[in-house]
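Notes follow the structure.
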Amino acid sequence: MAIDRDATLRKAEKFLRQGRLDQAIAEYLHVIAEQPRDWSTVNAVGDLLVRAGQVESAIEHYTRIADHFFEEGFLPRAAAVYKKILKLKPDEEHAALRAAEIAERQGLMADAKATLANVADRRLKRGDKRGAAEIQLRIGALDPNDLNAGITAAKAAYELGDVAGALQRLIQLSADFQQRGRMPESLRALEEALSVAPDNVEVRSALVERCLAAGEIERAITYATAAREFKAIAAELYARGQANEALVALERALQEDPEDNDTRGQLARSYIASGDLEKARACLSGDIVDPELLLSLAEVDLRGGRLDDGRALAAKVLERDPTRREEVVLLGCRLCEENSDAAFQCIDVATDAGVADSDWPAAASALHEYVTRVPGHIPALMKLVEICVDGGLDATMYAAQAQLADAYLKAGRGNEARVIAEDLVAREPWESANIERFRSALVMLGEPEPDSIIADRLSGDSPFTSTDFAMDSNPGEATAPEAPVAKMTEAAPPPAKARSKARAADGRAPLGPAEIDLTTIFGVDSNEHGGGDVMEIDLSDAMGDISFDISPPAGGATRSGPVERQNLERVFEGFRDDAARQGGDPGQQYRLALAYRDAGDLEAAIRTLEGVVRSPRHRFDASAMLARLHRDSGHVHDAIDWFERAAESAPAATDASHEVLYELGALLIEAGEIVRALAVFLELQADAPDYRDVAAQVERLSQKA
């Protein structure tokens, strides 16, 4: 039956005032039993129970009140009751955990962590490691910025047997700290992760990488075990200029992975760069099949003086990988200053490979690079001439012949020099350098009257014809050697007005802009013959705007010997025939070619320009235009050939010459001739360092090469 609440409370109060606590508590319990949510009475009972020394019963009543407030969301009131309980009994976990949760919800993280830490400590003291670990997990989840708490929580997960969870917590913790720029904390978290999972390759690699990013190389070395990690360390050491330490790291990398050819090659190249060829060779010992390693070993042997072995290895490289021909050439170029004979082995192997593929421009380019660095190397020049003949590379061949003749002269080999010089003079008699080579060869051979022999050769009496057949054919096409192009005979007499030009102070008529005075060739001084009549030969039609001024001395003899009139007559007849065949002034022909080009008739323009290039005065412009026409028509190799001819005849240090070199280099890049293109741009840079983007081109090509 229901009780009278008010009467019961009055009765409890009487008992309380009489000091009869047990009777008072009994009356209050009657009220609570009737009305269990009478929280003020519940609290009063709790207080009375505390006074009566019945703490556990009091805590039970207080807990009912606190849990009610907590569940209803009255967190401050609940927290006050839980604190009251903890004051009575500090190890009351339910109250502590609820108090910590309330503190967390209120943002009082320090209070929450302190309360939970007390719970964890008590659990550990009573031997409940698992329970303590669970609390540590809760503490770690409270504040992501608390590194210690996070690490402790991860360790707790590990203690609970959740290795994957612990590892994931630490990795995420490390990433979070790295993102905030807190590298020390990030590294410590990864170190803890590695302690949790020592065999985890990803964690170890990430730790090494992050140590390097933090600049802590020694710390990275401590944790590195894999080849890729030591390679990363070596790269960082190289970047810092610590080459010796980098070599040690590379050695460790190779120890970890002996099959890593990239590391082996890098280590070998490092030894080569440091001059330690023995270590380099030891590093490359064994049965090597990788072309890059073979090339490194070839370099070691060549630098060490084992030329035959080095050449065989270079040949083996190209046998396994023909695309590495340019790398072999570059190796030869690097060796030029140190050992020109060793360098030639590389160049020769690359040249033979080019010839085998009928890649004549590449083969010639390799030799050209070599003789540029090692001038006067007779075997290289001989081979260059041979390749140019076989490949129809006329422009390069002429320059190579001139260099070979000079090399023969320097070596005292007069017979060979004479043969080449005669050929050069026959082709281009107006070039004083060719005449001088011929004269030097004759003097070396002991000829008493060299100028007389020169005059005899030029006269046409002797079997003296050029081997240049390109003048009557398209670039790269050889014609039968029936028709010599340098045979000279007399041209039509000049007009009376031209013959009556005022004489200069020395008694000789002034020469035209493209006339050659053969007195400088034959050693004739006009003053020796008393200023007699000057015989002018206009070769503008026959030889491209070139005329000869032949001033015979009195008595018809030069200092070195007679110049026979009948020989000169034959020279004149030849020039008249050539002029009739060519039929026109080169300047007019050049303008005609321009008209053909503008009209879109490129074939006619090309045919016309091939005749104009015979004129030295117009050779550069005509060659340059031929090159551009062939380029625009898609004939890359013909365009390269004509650009080279234009470059050889270009006026020095002019915008036009610079433009031709630049276009030649660009075309070589398009054709995949990186080494040749680099050589052209280097030449242009030496002459005009600020021209367009030549510096950038050189840098870019150097990296590709």
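Being a predicted model, the structure only gives us computed values, none of them experimental.
Of all heavy-atom pairs between Leu629 and Ala605, the closest is CD1-CB, 4.0 Å. Closest of all the heavy-atom pairs between Ala441 and Gly414 is CB-O, 4.0 Å. Of all non-hydrogen atoms in Val694 and Ala688, the two that sit nearest each other are CG1-O, 3.8 Å. In terms of heavy atoms, Ser633 sits closest to Leu602 at OG-CD1, 3.8 Å. In plain terms, the two heavy atoms of Ala366 and Ile347 that are nearest each other are O-CG2, 3.6 Å. Of all the heavy atoms in Phe643 and Val660, the pair that sits closest is O-CG1, 3.8 Å.
Look at Asp321 and Lys316 and you find no salt bridge, because none of the NZ, NE, NH1 or NH2 atoms lies under 4.0 Å from a carboxylate O. With salt bridges taken as basic N to acidic carboxylate O contacts below 4.0 Å, one links Glu659 and Arg692. Contact check on Arg210 versus Glu216 returns no salt bridge, with no Lys/Arg side-chain nitrogen under 4.0 Å from an Asp/Glu carboxylate oxygen. Checked for salt-bridge contact, Glu428 and Arg619 meet the test: a charged N lies under 4.0 Å from a carboxylate O. By the 4.0 Å N-to-carboxylate-O rule, Glu299 lies close enough to Arg334 to be salt-bridged with it. Of the charged side-chain nitrogens involved, at least one lies within less than 4.0 Å of a carboxylate oxygen, so that Arg303 and Glu338 count as a salt-bridged pair.
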Worksheet item: Going through the distances and angles, do Tyr408 and Met382 end up as a side chain to side chain contact (heavy atoms under 4.5 Å, CB included)?
Response: CA-CA 11 Å; Tyr408 280 142; Met382 290 176 64; 3.5 Å; yes

Discussion item. As a quick check of understanding, evaluate salt bridge (Lys or Arg N to Asp or Glu O under 4.0 Å) for Arg325 and Asp352, giving each step before the final call.
Written reply: CA-CA 10 Å; Arg325 195 191 309 159; Asp352 289 344; over 6 Å; no

Item to complete: Could you go through the side chain to side chain contact (heavy atoms under 4.5 Å, CB included) check for Ser432 and Glu436 one step at a time?
Response: CA-CA 6 Å; Ser432 60; Glu436 187 56 39; over 6 Å; no

Worksheet item: side chain to side chain contact (heavy atoms under 4.5 Å, CB included) between Leu661 and Asp687: does it pass, once the steps are laid out?
Response: CA-CA 11 Å; Leu661 282 176; Asp687 192 37; 5.8 Å; no

Practice prompt. Could you please spell out the steps behind the salt bridge (Lys or Arg N to Asp or Glu O under 4.0 Å) verdict for Arg631 and Glu663?
Written response: CA-CA 10 Å; Arg631 178 193 62 193; Glu663 292 183 77; 2.6 Å; yes

Worksheet item: When you look at Glu229 and Arg204, which way does the salt bridge (Lys or Arg N to Asp or Glu O under 4.0 Å) test go after all the steps?
Response: CA-CA 9 Å; Glu229 294 162 6; Arg204 186 177 296 276; 5.6 Å; no

Practice prompt. Begin with the C-alpha distance, continue with both residues' side-chain angles, and end with the deciding distance and a verdict on side chain to side chain contact (heavy atoms under 4.5 Å, CB included) for Leu250 and Thr263.
Written response: CA-CA 7 Å; Leu250 282 179; Thr263 300; 4.3 Å; yes

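Counting heavy atoms of neighbouring residues, nucleotides and ligands inside a 6.0 Å radius, atom NE2 of His658 exceeds 12 of them. Atom CE of Met444 has more than 12 neighbouring heavy atoms from other residues, nucleotides or ligands inside a 6.0 Å radius. For His377, the NE2 atom sits in a packed shell: over 12 heavy atoms of surrounding residues, nucleotides or ligands are nearer than 6.0 Å. When the shell of 6.0 Å around CD of Glu209 is examined, it contains 12 or fewer heavy atoms from other residues, nucleotides or ligands.
Under the 4.5 Å side-chain criterion, counting only non-hydrogen atoms from C-beta, His637 is in contact with Pro361. Between Tyr370 and Cys333 the shortest side-chain heavy-atom distance does not fall below 4.5 Å. Leu684 has its side chain out of reach of Gln697: every pair of non-hydrogen atoms, C-beta onward, lies at least 4.5 Å apart. Glu673 is listed as a side-chain neighbour of Asp359, based on a closest heavy-atom distance under 4.5 Å. Using a 4.5 Å heavy-atom cutoff, the side chains of Val675 and Leu330 are in contact. In this structure, Cys211 and Ile217 have side chains that are not in contact, with every pair of non-hydrogen atoms separated by 4.5 Å or more. Annotation: side chain of Asp390 is in contact with side chain of Glu386 (closest heavy-atom distance under 4.5 Å). Put simply, the side chain of Glu447 reaches to within 4.5 Å of the side chain of Ile453, judged on heavy atoms.
Interatomic distance, CH2 of Trp360 versus CG of Leu393, reported as 9.0 Å (0.5 Å rounding). The distance from atom CZ of Arg437 to atom CG of Leu404, rounded to the nearest 0.5 Å, is 10.5 Å. With rounding to the nearest 0.5 Å, the separation of CG in Leu302 from CG in Asp308 is 10.0 Å. Separation of atoms OG1 (Thr351) and NE2 (His368) is listed at 13.0 Å; rounding is to 0.5 Å. To the nearest 0.5 Å, atoms CD (Gln401) and CG (Leu424) are separated by 5.0 Å. From Leu212, atom CG reaches atom CZ of Arg219 across 12.0 Å, with rounding to the nearest 0.5 Å.
Residues meeting the salt bridge (Lys or Arg N to Asp or Glu O under 4.0 Å) test with Lys231, sequence neighbours left out: Asp260. Evaluation of the ring-ring contact (aromatic ring centres under 6.0 Å, His included) rule for Phe681 yields Tyr662 as partners, not counting sequence neighbours. Shown here are the side chain to side chain contact (heavy atoms under 4.5 Å, CB included) partners of Val349, two or more places apart in sequence or in another chain: Arg311, Ala314, Ala315, Leu318.
Judged by distance alone, the side chain of Arg252 and the main-chain N or O of Val248 form no donor-acceptor pair under 3.5 Å. Here the side chain of Ser340 pairs no donor or acceptor atom with the backbone of Cys336 at under 3.5 angstrom. Under the 3.5 Å distance criterion, the side-chain polar atoms of Asn339 are matched with a main-chain donor or acceptor of Ala342. Not one N or O on the side chain of Ser623 forms a donor-acceptor pair closer than 3.5 Å with the backbone of Trp642.
For the pair Arg427 and Tyr398, the cation-pi criterion (under 6.0 Å, within 45° of the ring axis) is fulfilled.
Of the residues listed (Asp394, Asp638, Asp621), the one engaging Arg645 in a salt bridge (Lys or Arg N to Asp or Glu O under 4.0 Å) is Asp394, and it is the only one.
A donor-acceptor pair shorter than 3.5 Å cannot be found between the side chains of Asn415 and Arg418.
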